[in-house]
Each structure stands twice: as C-alpha cells, then as structure tokens.
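In what follows, a single structure is set out as structure tokens and then discussed.
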Amino acid sequence: MIGIFKKGYIVAFIILTNVYAENREVNLNTNFKALSFNNDFQDIGFIEGKEFHSININSDILSLQYSYTGKPEIDFVKIIKQVEPPNKLQISINNRNDAERQLAALSDEYNKLNLQLKKIYEPIGNEERQPNSSELSAINEINNSLQLLSEKISKASDKLANAHGEYLKNLLKPQNPEKVEHKKDSKTEVIQPKYEAFAKFPIPTSGGSYILIFNKTPNGVTISPINDAPGVFPFGSYQFFNLA
C-alpha cells in the first residue's frame with residue numbers, strides 16, 4: 001500500500017508541474033527602433049501588458065528607442081479614430097449644399113432644352129414658314145419637358161431657401177454643448193484608445209535590440225527585424241538595407 005501511494009504521489013506531482021509550466025507566463029525583454037519602408041504610418045502603437053504605447057513610424061526618420069517587456073510577441077496596433085456625428089450646423093450646411101447642387105443640375109438641364117428649342121426655331125425663322133409636323137412634335141415635347149422642369153426648379157428654389165434659412169439659424173446658435181466634468185477617482189482606470197491589429201513581431205528568445213522595418217504589402221503589414229545590438233552598428237558607421 002505504501003508503494004502504491006508513493007507512485008500516485010509522484011504522478012500527481014508531475015501533473016501539477018506540467019499545469020504550472022503551461023500556465024506560467026513567459027516574459028521577454030527587448031529594445032527596438034522603428035522605420036517604414038514605404039510610407040509613414042499614423043496613429044500606431046504597441047501593447048505592453050494592458051497598456052498602450054504610442055509610436056511614430058516614418059519613412060525617412062528612425063524612431064526613438066523603445067523598451068518592451070512582455071509576452072514573446074509584440075502586438076502593434078492602429079488606433080480606430082472615433083468619428084463624431086455632425087452637429088446641427090454641419091447638417092444644415094450639407095443640406096444647403098445638396099439643395100444648391102440639385103438646383104444647379106435642374107437649371108443646366110433647362111438651359112440645354114432651351115438651346116435645343118432655339119436650334120429648331122432658327123431655320124424656321126430664316127425661311128419664314130410654319131413648323132412642319134416633325135418640328136412641331138419636337139417643339140411640343142421640349143415645351144412639356146420645360147414645363148415640368150420649371151415646376152421642379154421652383155420646388156428646388158424653395159428647398160434651397162429653407163436650407164439657407166436653417167443654416168443661418170444654426171449659425172447663431174452655440175454648437176459646443178457644455179461638457180459634464182466628472183470627479184476624478186483614484187480607482188478609475190485610464191481609458192485606453194480603441195485599436196485594431198496592425199502587425200506582430202515575434203521576439204527572439206535571446207531578446208536583444210532591433211531596428212524594425214515596417215513594410216505595407218497587399219497582404220498586410222510585415223516587419224523585417226535588423227540586429228541593432230551594441231557594437232553591431234557603431235556610431236559613425238554606415239549600414240545599408242536591401243528590402244527589394
């Protein structure tokens with residue numbers, strides 16, 4: 001019975017050890033600088049633990065050096081900008097612009113029909129005769145279209161006048177509502193920006209320092225790491241990167 005108990009104890013110990021190893025977090029430390037291969041990347045950052053760190057990635061300037069300690073893969077993310085809904089003034093401006101475009105389009109169509117009508121009447125006047133049946137049919141069709149357009153232009157003019165009046169009304173109103181100030185609480189967490197996945201960099205197990213070259217491709221953003229350990233690229237020397 002004693003031997004069986006010891007064997008079971010050893011098996012339980014091994015299981016607990018494996019569970020501990022699986023749940024244990026592996027944190028790596030590395031330093032890095034960033035550079036873009038093609039274009040500048042705006043509103044970019046990386047996640048360290050639960051904290052967001054902003055970073056500038058330019059195509060012609062090497063970034064500052066950043067230190068990272070955390071899981072074996074750095075998550076670079078892009079901030080999702082929150083688009084504020086338009087206020088009443090902006091809505092009235094948009095409505096007025098739409099009304100102006102509609103009235104201009106109707107007026108342009110009206111002028112084109114008048115030009116067609118003028119071309120039909122021109123030879124008739126030169127020959128001092130009455131329009132024939134074909135010409136008369138075209139004249140009647142154009143006149144009917146002009147009548148319909150006149151009604152539409154009248155409604156569009158009224159719509160523009162109303163939109164302009166609404167614009168003037170909102171122009172005199174304050175558009176920035178008073179902000180409600182919330183009392184600061186030491187227990188309140190700092191609100192992190194919303195973001196989406198941008199790129200990932202698996203850190204070598206040895207850690208170290210790197211220059212991360214960001215390259216935008218049709219399949220996403222890739223990262224090419226270049227060793228930047230002390231002594232590899234001493235001050236005053238040149239280093240050439242072929243990323244073609």
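Residues: numbered from 1 along the sequence shown. We use all heavy atoms of the structure for the numbers below, so side chains are in, but hydrogens, waters and symmetry mates are not.
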- Item | Point-to-point distance, once rounded to the nearest 0.5 Å, from CD of E151 to CG of L146 | 11.5 Å
- Message: Under a 3.5 Å distance rule, please check whether N227 uses its side chain to pair with a backbone N or O of A229 as donor and acceptor.
- Response: yes
- Task: Work out which heavy atom in P86 is nearest to a heavy atom in I91; give both atom names and the distance.
- Result: O-CD1, 3.9 Å
- Query: Do R101 and D98 sit within salt-bridge range, that is, some charged N less than 4.0 Å from a carboxylate O?
  - Reply: yes
- Hey, could you give me the CD1/CZ distance between I57 and F37, rounded to the nearest 0.5 Å? 15.0 Å
- Hey, mind stepping through E122 and N126 against side chain to side chain contact (heavy atoms under 4.5 Å, CB included) and telling me if it holds? CA-CA 6 Å; E122 189 172 356; N126 292 336; 4.0 Å; yes
- Message: Quick one, I93 with N97, criterion side chain to side chain contact (heavy atoms under 4.5 Å, CB included). Give me CA distance, side-chain angles, the key distance, then yes/no.
- Response: CA-CA 6 Å; I93 292 174; N97 292 340; 3.7 Å; yes
- Please test N94 against Q90 for side-chain hydrogen bond (donor to acceptor under 3.5 Å, both in side chains), starting from the C-alpha separation and ending with a verdict. CA-CA 6 Å; N94 295 338; Q90 188 59 53; 3.1 Å; yes
- Task: Output the distance between atom CG (D75) and atom NZ (K200), rounded to the nearest 0.5 Å.
- Result: 3.5 Å
- Message: Within the 4.5 Å heavy-atom criterion, are I47 and Y195 side-chain neighbours or not?
- Response: yes
- Task: May I ask whether Y121 and L113 are part of the same hydrophobic cluster, defined by side-chain heavy atoms of I, L, V, M, F, W, Y residues being less than 4.5 angstrom apart, directly or through others?
- Result: yes
- Heavy-atom side-chain contact between L171 and L89 under 4.5 Å: yes
- Please answer whether the main-chain N or O of D158 pairs with a side-chain N or O of N162 as donor and acceptor at a distance below 3.5 Å. yes
- Task: Flag the pair N39 / F41 as yes when at least one side-chain heavy-atom distance between them is below 4.5 Å, and no otherwise.
- Result: yes
- Any side-chain heavy atom of Y66 sitting closer than 4.5 Å to one from F46? yes
- Message: With a 6.0 Å cut-off (strictly less than), is the heavy-atom count around NZ of K78, excluding the residue itself, greater than 12?
- Response: yes
- Task: Check whether any side-chain heavy atom of I142 sits under 4.5 Å from a side-chain heavy atom of I120, and report yes or no.
- Result: yes
- Side-chain H-bond candidate by donor/acceptor type, N143 with Q147, under 3.5 Å: no
- Item | Interatomic spacing from OG in S54 to CD1 in I79 - rounded to 0.5 Å | 5.5 Å
- What residues form a side-chain contact (heavy atoms from CB on, under 4.5 Å) with T222, not counting sequence neighbours? N215, T217
- Message: Has E135 got a side-chain atom pairing as donor or acceptor with N132's backbone, closer than 3.5 angstrom?
- Response: yes
- Query: Of all residues at least two apart in sequence or in a different chain, which pass the salt bridge (Lys or Arg N to Asp or Glu O under 4.0 Å) check with D40?
  - Reply: none
- Item | E109 bridged to K152 by N-O distance under 4.0 Å | no
- Reported CD1-to-CZ distance for the pair I203 and F32, which is rounded to 0.5 angstrom: 8.5 Å
- Query: How far does CD1 of I124 sit from CG of L136, to the nearest 0.5 angstrom?
  - Reply: 8.5 Å
- Can you name the closest pair of heavy atoms from I223 and P225 and give their distance? O-CD, 3.5 Å
- Quick one: are I74 and T30 in side-chain contact, heavy atoms under 4.5 Å? yes
- Message: Between Y68 and F201 (judged by ring centroids, cut-off 6.0 Å), do the two rings come close enough to count as a pair?
- Response: no
- Item | Same cluster (ILVMFWY, side-chain, under 4.5 Å), Y167 and L160 | no
- Closest heavy-atom contact between S63 and A34? OG-N, 2.7 Å
- Message: I need the minimum non-hydrogen distance between S206 and Y210, along with the two atoms involved.
- Response: OG-OH, 4.3 Å
- Message: Between E166 and K169, does any NZ, NE, NH1 or NH2 come within less than 4.0 Å of an OD or OE carboxylate oxygen?
- Response: yes
- Message: Can you tell me if E127 has over 12 outside heavy atoms packed within less than 6.0 Å of its CD?
- Response: yes
- Message: Please determine whether the number of non-hydrogen atoms from other residues, nucleotides or ligands lying under 6.0 Å from atom CD of Q65 exceeds 12.
- Response: yes
- Message: Hydrogens and angles aside, do T69 and N29 bring a side-chain donor and acceptor to less than 3.5 Å of each other?
- Response: yes
- Does some side-chain heavy atom of I139 sit less than 4.5 Å from a side-chain heavy atom of P131? yes
- Message: Strictly distance-based, threshold 3.5 Å: is any side-chain N or O of S36 a donor or acceptor partner for the main-chain N or O of S59?
- Response: no
- Tell me, do T205 and P72 make a side-chain contact under 4.5 Å, heavy atoms counted? no
- Message: Between N31 and S67, do the side chains contain a donor N or O and an acceptor N or O under 3.5 Å apart?
- Response: yes
- Compare every heavy atom of K33 with every heavy atom of L62, then report the nearest pair and how far apart it is. CD2-CD, 3.7 Å
- Below 6.0 angstrom between ring centroids: does that apply to F198 and F76? no
- Should E100 and L103 be marked as a side chain to side chain contact (heavy atoms under 4.5 Å, CB included) after you check the CA-CA gap, both sets of side-chain angles, and the distance that decides it? CA-CA 5 Å; E100 286 179 344; L103 181 58; 6.0 Å; no
